[in-house]
Amino acid sequence: MKPGSTLIVSFDGLRPDRVTADLMPNLAAFMAEGVRFANARSVFPSETRVAVTSTFTGNPPRWHGMIANRFRHAAVPEEPVRTGLVEDLLRVAGRGPLIHRPALGDRLAAAGRSMVVVSTASTGATHMMNPNAVKNGHETFCCHPTPDMSPTLKAEAEALLGPVPETARPNNARIDYARRVLTDIVWPTRDPDVAVIWMNDPDLTSHAFGVRAPETEASQRLTDAAFGEILAGWRAGRGPEHLIVMSDHGQITGSATASPDMDLPAEYRDRLVSGVFNGLWLDDPAPADLARAVDVLSEMPWCGLVFTGRCGAPAVPGTLPFPLVGQGHPLAPPIAFTLRSTGPDEASDAGAERRYFTEGIDIGGGMHGGLNRGELATVLAGAGPQLRAGFVSDTPCWLPDITPTVLALLGLSTEDTSGRVLAEAFADGPEPPRAAHTVHSVEHRGFQQHLAVWDVEGKSVIDCGWTAGTGAWR
């Protein structure tokens with residue numbers, strides 16, 4: 001056990017209000033015993049590969065450049081990048097930088113520290129947890145075939161556990177296999193400074209059946225059982241000093257389909273990459289071109305929040321500025337929009353939230369990517385010798401704060417991270433800082449957009465966003 005060593009356990013797609021003593025007794029008890037962050041948030045878009053990259057660089061998309069799960073990239077203009085596929089990510093990396101801030105693994109390698117990733121997530125998501133793992137001499141185990149895989153760790157897993165089980169919903173067999181790779185191989189033989197185990201449930205099952213479905217609740221119980229095995233070993237003195245649990249985003253209900261590709265004028269269709277985060281990649285648009293696109297979008301029944309103003313340019317009237325949501329990287333489109341969802345979130349329960357979606361799930365399935373509180377609210381808690389016990393912080397925080405906090409536990413520099421060290425969680429830390437809450441609003445032809453943001457010591461954290469007027473759900 002190395003000083004400051006940390007295990008990050010991620011429950012993909014887990015909303016904090018779904019962590020109950022009935023569904024997830026091990027996780028609920030852990031969060032009560034350690035330090036819990038009651039106002040933890042994801043990034044925008046609240047999509048997995050964006051969230052992963054933000055978590056492991058300590059920066060939002062504005063700085064690292066992984067702006068969406070699917071987007072146009074100047075290095076590969078022939079087709080949108082599908083970030084769930086490691087092949088697409090490596091193709092980008094072969095023509096230019098994949099991300100524009102160093103990842104946690106790079107920082108650890110530079111300091112002579114080790115990192116091991118164990119994952120049931122997609123090859124793209126797994127890659128972004130430590131994108132230079134091979135170069136840095138770090139090990140990765142993924143339940144999908146990937147060039148990131150450490151052949152030694154793969155061989156040891158197969159010798160001890162047999163072949164990787166097939167994917168299922170719930171994905172308990174794969175998740176327990178990954179858990180044993182961590183507890184039965186990585187802990188006793190590697191003792192890394194930082195380890196990650198990424199469980200892709202309840203996200204996988206919730207997409208298929210819905211946030212509150214019996215199958216999804218079963219997946220929660222099964223991931224909690226796997227966490228219970230990890231927790232028992234950790235409490236017995238095996239593994240690292242510190243344990244941090246997190247989720248990358250929540251989910252809400254997908255209850256109506258939208259077809260931006262079909263509904264927008266023909267001039268926009270081949271320039272659109274649609275999803276929950278939708279980008280219009282217009283060539284060198286003049287302000288009048290952007291204003292016209294805003295007019296068109298405002299009339300669409302499925303249009304949600306609209307953003308402009310990348311790279312420091314002023315936002316188009318009737319839109320919200322990209323920097324408010326940690327976006328605006330040069331790779332971002334000139335104009336982006338979400339799909340409409342229920343609101344205002346301020347007056348709704350996360351369990352009742354619902355949204356339009358474009359593809360990939362059936363009506364009633366779980367969805368995420370936007371700015372509803374149910375999509376943005378995340379699990380974040382920790383325990384260990386440097387962290388407080390039985391402490392709840394109401395100070396807002398978000399995924400980019402995780403890497404700076406891990407670096408601080410290890411006594412390493414946090415330079416080039418824009419996240420905040422969550423010092424109020426440390427046993428000898430200061431009192432939690434105060435946060436100012438601001439709602440930014442714009443209106444265009446009766447279409448109202450609202451975005452709530454916290455300011456914490458000069459650093460922004462998104463709370464939630466919603467529409468009203470002609471932009472309300474209908």
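Reckoned from all heavy atoms, side chains included, excluding hydrogens, waters and symmetry mates.
The two residues L324 and I462 make their nearest non-hydrogen contact at O-CG1, 4.1 Å. Taking both residues in full, the closest heavy atoms of V379 and R15 are given as CG2-C, 4.4 Å, listed atom of the first, atom of the second, then distance. The two residues E375 and S42 come nearest to each other via the heavy atoms O-CB, 4.4 Å. For the pair P202 and Q220, the tightest heavy-atom approach, listed with the atom from each and the gap, is CB-CG, 4.1 Å. In this structure, F71 and G65 approach most closely via the heavy-atom pair CZ-O, 3.9 Å. The minimum heavy-atom distance between P61 and M66, with the atom names listed, is CB-O, 3.9 Å.
A heavy-atom distance below 4.5 Å is not found between the side chains of V194 and R113. A 4.5 Å side-chain heavy-atom check between R354 and I252 finds every atom pair outside the cut-off. Contact annotation: the side chain of F141 never approaches that of I185 to less than 4.5 Å [non-hydrogen atoms, C-beta and beyond]. No side-chain heavy atom of D248 sits less than 4.5 Å from a side-chain heavy atom of H368. In this structure, the side chains of E139 and T152 come closer than 4.5 Å at one or more pairs of heavy atoms. Contact check for H144 versus V86: no side-chain heavy atoms found under the 4.5 Å cut-off. T438 has its side chain out of reach of V453: every pair of non-hydrogen atoms, C-beta onward, lies at least 4.5 Å apart. With contacts defined as side-chain heavy-atom distances shorter than 4.5 Å, the pair L182/L7 qualifies.
Interatomic distance, T120 OG1 to L204 CG, rounded to the nearest 0.5 Å: 8.5 Å. Interatomic distance, T405 OG1 to L387 CG, rounded to the nearest 0.5 Å: 9.0 Å. Separating the OG atom in S122 from the CZ atom in R82 is a distance of 12.5 Å, to the nearest 0.5 Å. Rounding to the nearest 0.5 angstrom, the gap separating the OG1 atom in T395 from the CD atom in E431 is 9.5 Å. In this structure, I175 CD1 and W198 CH2 are separated by 12.5 Å, a value rounded to the nearest 0.5 Å. To the nearest 0.5 Å, atom CG of residue L320 and atom OG1 of residue T338 are 9.5 Å apart.
Side-chain atoms of R49 and T83 form a donor-acceptor pair, as typed in the model, at a separation below 3.5 Å. Checked by atom type, the side-chain pair H249/T48 shows a donor-acceptor distance below 3.5 Å. No side-chain N or O of T403 forms a donor-acceptor pair with one of T417 less than 3.5 Å apart. If you check the side chains of R174 and T167, you find a donor sitting under 3.5 Å from an acceptor. If you check the side chains of H64 and N59, you find no donor sitting under 3.5 Å from an acceptor.
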field: Verdict with reasoning, D106 to N132, per side chain to side chain donor-acceptor pair (under 3.5 Å)
entry: CA-CA 7 Å; D106 301 323; N132 297 309; 3.0 Å; yes
field: Trace of the side-chain contact (heavy atoms from CB on, under 4.5 Å) decision for D463 with R373
entry: CA-CA 7 Å; D463 181 11; R373 186 168 289 134; 3.2 Å; yes
query: Does the side-chain contact (heavy atoms from CB on, under 4.5 Å) test come out yes or no for M24 and L14, once each step is laid out?
result: CA-CA 11 Å; M24 308 188 81; L14 179 61; 3.8 Å; yes
field: side-chain contact (heavy atoms from CB on, under 4.5 Å) between V50 and I67, worked out
entry: CA-CA 6 Å; V50 185; I67 62 167; over 6 Å; no
- request: Take V461 and N39 through the test side-chain contact (heavy atoms from CB on, under 4.5 Å) and record every step on the way to the result.
  value: CA-CA 10 Å; V461 175; N39 285 310; over 6 Å; no
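Side chain of T57 to backbone of T53: a donor-acceptor contact under 3.5 angstrom is found. Within the 3.5 Å criterion, the main-chain N or O of E241 finds a donor-acceptor partner in the side chain of S5. Within the 3.5 Å criterion, the main-chain N or O of H138 finds no donor-acceptor partner in the side chain of T140. Of the possible polar contacts, one joining the Q327 side chain to the F44 backbone as a donor-acceptor pair under 3.5 Å is found. For the pair T223 (side chain) and S219 (backbone), a donor-acceptor distance under 3.5 Å is present. Without hydrogens or angle criteria, S114 side chain to D193 main chain gives a donor-acceptor distance under 3.5 Å. Proximity of a side-chain donor or acceptor of Q386 to a complementary backbone N or O of L409 within less than 3.5 Å is detected. In this structure a side-chain-to-backbone donor-acceptor pair under 3.5 Å is missing from D455 to A436. The backbone N or O of T378 sits nowhere less than 3.5 Å from a side-chain atom of S247 that would complete a donor-acceptor pair. Without hydrogens or angle criteria, T308 side chain to V316 main chain gives a donor-acceptor distance under 3.5 Å.
Relative ring orientation between W234 and F30 is described as perpendicular, the plane-to-plane angle rising above 60° on a 0-90° scale split at 30° and 60°.
Between R388 and E424 there is no salt bridge, since no side-chain nitrogen of the basic residue lies less than 4.0 Å from a carboxylate oxygen of the acidic one. Between K2 and D191, none of the side-chain N atoms (NZ, or NE/NH1/NH2) sits under 4.0 Å from a carboxylate O, so this pair counts as no salt bridge. Between R190 and E156, at least one side-chain nitrogen of the basic residue sits less than 4.0 Å from a carboxylate oxygen of the acidic one, meeting the salt-bridge criterion. Residues R221 and D224 are not paired through a salt bridge, judged by the lack of any N-O separation under 4.0 Å between the basic side chain and the carboxylate.
Evaluation of the ring pair (Phe, Tyr, Trp, His ring centres under 6.0 Å) test over residues 311-332, restricted to residues two or more places apart or in two chains, returns H100-H329.
Sparse packing is recorded around NZ of K135, with 12 or fewer heavy atoms of other residues, nucleotides or ligands lying under 6.0 Å away.
Applying the side-chain hydrogen bond (donor to acceptor under 3.5 Å, both in side chains) test between N171 and each of D176, D201, N200 identifies N200 as the sole match.
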